[in-house]
Every structure is written in C-alpha cells, then in structure tokens.
**Q** 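To start, I am sharing the structure in question, which I have written as structure tokens.
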Amino acid sequence: MRGGRARWKIENETFNTLKTQGYHLEHNYGHAEQHLACLTFTAFLINQIEQLACKFFQQALEAKKSKKALWYAIRSLFDWFFIDSWEDLYTAIIGGRSVSLKHLVIDTT
C-alpha cells in the first residue's frame, strides 16, 4: 500500500511539474503527437540531471527565484544573442547582464 501511494505521489508531482512549469504537457497526448511527448520527457530528464549536477544552473535558478522566470530569461537571451556555451548563458543570467554574449547579426536584406 505504501509503495503504491509513493508511486502515485511521484507520478502526480512529475505530471504537475510537466504541466505547470513551462513544459506544457497535458496528461493525454494523442497518437499523432507521440513524438512530441517523448521529446518533452527527454527535455525534462535532461533538465532534472542539470539541476542536480550543474552549479551554474543552480546559481542562475537562485538568481531568478523560479524556474518559470529562468526559462523566460534563457529564451529571451537566445532571441537576442549568440550563445557560445551554457556557462556563458548562465553567467549572463547570474550576473544580470549579457556583456559577455555576442549580439546576433540580423540580416535585413
């Protein structure tokens, strides 16, 4: 009984994270979207490993106070800058400035 409840708790917490913290995963992906669900789960797995192992990610998360704010910061930096490495990206977020990042050159022709 305890094992079943523990499994249920883990599943509910995982699906809650996937639904509410920027992954936009619903409980029921259709068969046509099966590959999208697999990619989402893969991204979630990589993110979980990074949260545990990457000191720069942990510091960036601490600087932004929430995962949602961190994802928005990462996305906005990818929109405006050329990112050489994850370390450069997280350092820009931790420091609150993007001095070390190279601006994207937008072709307006």
**Q** For the atom pair CG (L70) and CZ (R75), what is the distance rounded to the nearest 0.5 Å?
**A** 10.5 Å
**Q** Please report the closest heavy-atom contact between A92 and L77, naming both atoms and the distance.
**A** CB-CD1, 4.3 Å
**Q** To the nearest 0.5 Å, tell me how far S76 OG sits from W71 CH2.
**A** 13.0 Å
**Q** Nearest 0.5 angstrom please: C54 SG to I49 CD1, how far?
**A** 12.0 Å
**Q** Hey, could you give me the OG1/CD distance between T91 and Q59, rounded to the nearest 0.5 Å?
**A** 8.0 Å
**Q** Can you spot which of D79, I93, I83 makes a side chain to side chain contact (heavy atoms under 4.5 Å, CB included) with I74?
**A** I93
**Q** With a 4.5 Å cut-off on side-chain heavy-atom distances among I, L, V, M, F, W and Y, is there a chain of contacts connecting Y72 to F57?
**A** no
**Q** With a 4.5 Å limit on heavy-atom distance, are the side chains of L89 and F81 in contact?
**A** no
**Q** Report yes or no: do Q58 and Y90 form a side-chain donor-acceptor pair below 3.5 Å?
**A** no
**Q** When rounded to the nearest 0.5 angstrom, what is the spacing between CZ in R2 and CZ in R5?
**A** 9.0 Å
